[in-house]
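Read through the structure below, which is laid out as structure tokens, and then see the notes.
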Amino acid sequence: MEEEHAALLDNNTWDLVPRPCGLWKMDLQAQPIHQLDVKNAFLHGTLSETVYCSQPTGFTDSAHPDHVCKLNKSLYGLKQAPRAWYSRFATHLLSLGFTEAKSDTSLFILHCGDETVYLLLYVDDIVLTASSLQLLHRVIAALKKEFAMKDLGPLHHFLGMAVQRHKDSLILSQRQYTLDILERHGMNGCNPCSTPVDTCAKVSATAGPPVADPTAYRSLVGALQYLTFTCPDIAYAVQQICLHMHDPRENHLTAAKRILRYLQGTLNFGLIIPRSAPSQLIVYTDADWAGCPDTRRSTSGYAVFLGSSLVSWSSKRQPTVSRSSAEAEYRAVANGVAEISWLQQLLQELHQPVKTASLVYCDNVSAVYLSTNPVQHQRTKHVEIDLHFVRERVAIGVVRVLHVPTTSQYADVFTKGLPSSVFADFRSSLNDYYSVSDYY
């Protein structure tokens, strides 16, 4: 396969000569990352199904006014248009030697020797990075020969997220998006608070009168949910208000407004991704046992680090009721191990495999024992079989489950409300979540 790619690079569109340069060995400042925009993306798709449409207004055939048009290419508004566009684009990339990542179908990889290209597609927006600037320009030229697109230059703003370079780090933030949310809901002059959620017990689904405008509540919650992409510290608070979108109450709206007050005081915060080699995956997992006052289900949370970078996090209510805190924690460990398994596969496809065992930290000793002890007893015989895949991953040496004291359990941020001092300490312990103003 590499021989075929080398022939393509030498003889086809790009006329490249591979040079020794490893992607992760380069200085981040020299690593080019460009953003491309495809013009009228859906019009490039070729339909595989038979689709008819009425004759357009003003272009009706006077001889056959009752006839319809058979579409050969997709149009905006067709439900087949997104799939047709993706199929056309993916087919062209595969013909150039790219491979489609199995762990993420929007990611395409070209790897030949020490030369590497990564292309990420989201509808008509493309993020493209290569191991050299010359290689990047040749890839862009090859794409422009097939599709009408515009090179927007170095990546600076993508899907509502601002991307800034500072020395050997990337800074991701959604400051303008946050300001728009505050203004849209009349909270741009509110007083800030130190935490996004209080330390009281979780709010019941039926507590308080219904809100006057449920649509506005759902709009606010949806906007906050998108904000968690660069604000992991509000993930738990947003998860809690998401549970009540079907029947929002005034208490839930108050909780949502508290998040806005917290955001007012953290406008200059962003997610920092420093330059580092993908040395090891580390995940912190936690669960708040039987925390839901209505269903008694637990809340799971995890934070995954790749080297020193926070790359994945989650706060989610568990689908079933756990009979013990050990079971709830074990489910949280299983969620963390599942995320690690996906990241390991992704890194393997990126040709940057993690060569050491991934570490999973849990603050429940019983859950740690369950991950290695195959003995069935009264407390675990009811646990689903799929949860025990953790034992298999531990047995083959891919994962190690270790105990961590509660004082160092950073995943607590994703499972419960914390006092302001503890919250601030854990937030800073996420390593890569700092005030953007500290970098200028």
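Numbers for residues simply follow the sequence, beginning at 1. The analysis underlying the following values was restricted to heavy atoms, covering all of them including side chains, and did not include hydrogens, waters or symmetry mates.
- With sequence neighbours left out, the ring-ring contact (aromatic ring centres under 6.0 Å, His included) criterion links Phe389 to no other residue.
- Shown here are the salt bridge (Lys or Arg N to Asp or Glu O under 4.0 Å) partners of Arg88, two or more places apart in sequence or in another chain: Glu146.
- Listed by first then second residue, pairs satisfying ring pair (Phe, Tyr, Trp, His ring centres under 6.0 Å) with a partner in residues 179-214 number zero, not counting sequence neighbours.
- For Leu243, the side chain to side chain contact (heavy atoms under 4.5 Å, CB included) test picks out Gln239, Gln240, Arg317, with sequence neighbours left out.
- Counting only residues at least two apart or in different chains, salt bridge (Lys or Arg N to Asp or Glu O under 4.0 Å) contacts with residues 241-260 comprise Asp247-Arg249.
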For residues 77-84, please give each side-chain donor-acceptor pair under 3.5 Å, one per line with the distance, not counting sequence neighbours.
residue	atom	partner	partner atom	Å
Arg83	NH2	Glu49	OE2	2.7

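- In this structure His403 satisfies the ring-ring contact (aromatic ring centres under 6.0 Å, His included) test with no other residue, sequence neighbours excluded.
- For the ring-ring contact (aromatic ring centres under 6.0 Å, His included) test, no residue two or more places apart in sequence or in another chain qualifies with Tyr122.
- Within the structure, side-chain hydrogen bond (donor to acceptor under 3.5 Å, both in side chains) contacts touching residues 34-48 (residues at least two apart or in different chains) are His34-Asp151.
- Screening residues 189-201 for salt bridge (Lys or Arg N to Asp or Glu O under 4.0 Å), with sequence neighbours left out, gives no hits.
- Listed by first then second residue, pairs satisfying salt bridge (Lys or Arg N to Asp or Glu O under 4.0 Å) with a partner in residues 408-422 read Asp286-Lys416, Asp412-Lys416, not counting sequence neighbours.
- Under the ring-ring contact (aromatic ring centres under 6.0 Å, His included) criterion, Tyr361 pairs with Tyr284, sequence neighbours left out.
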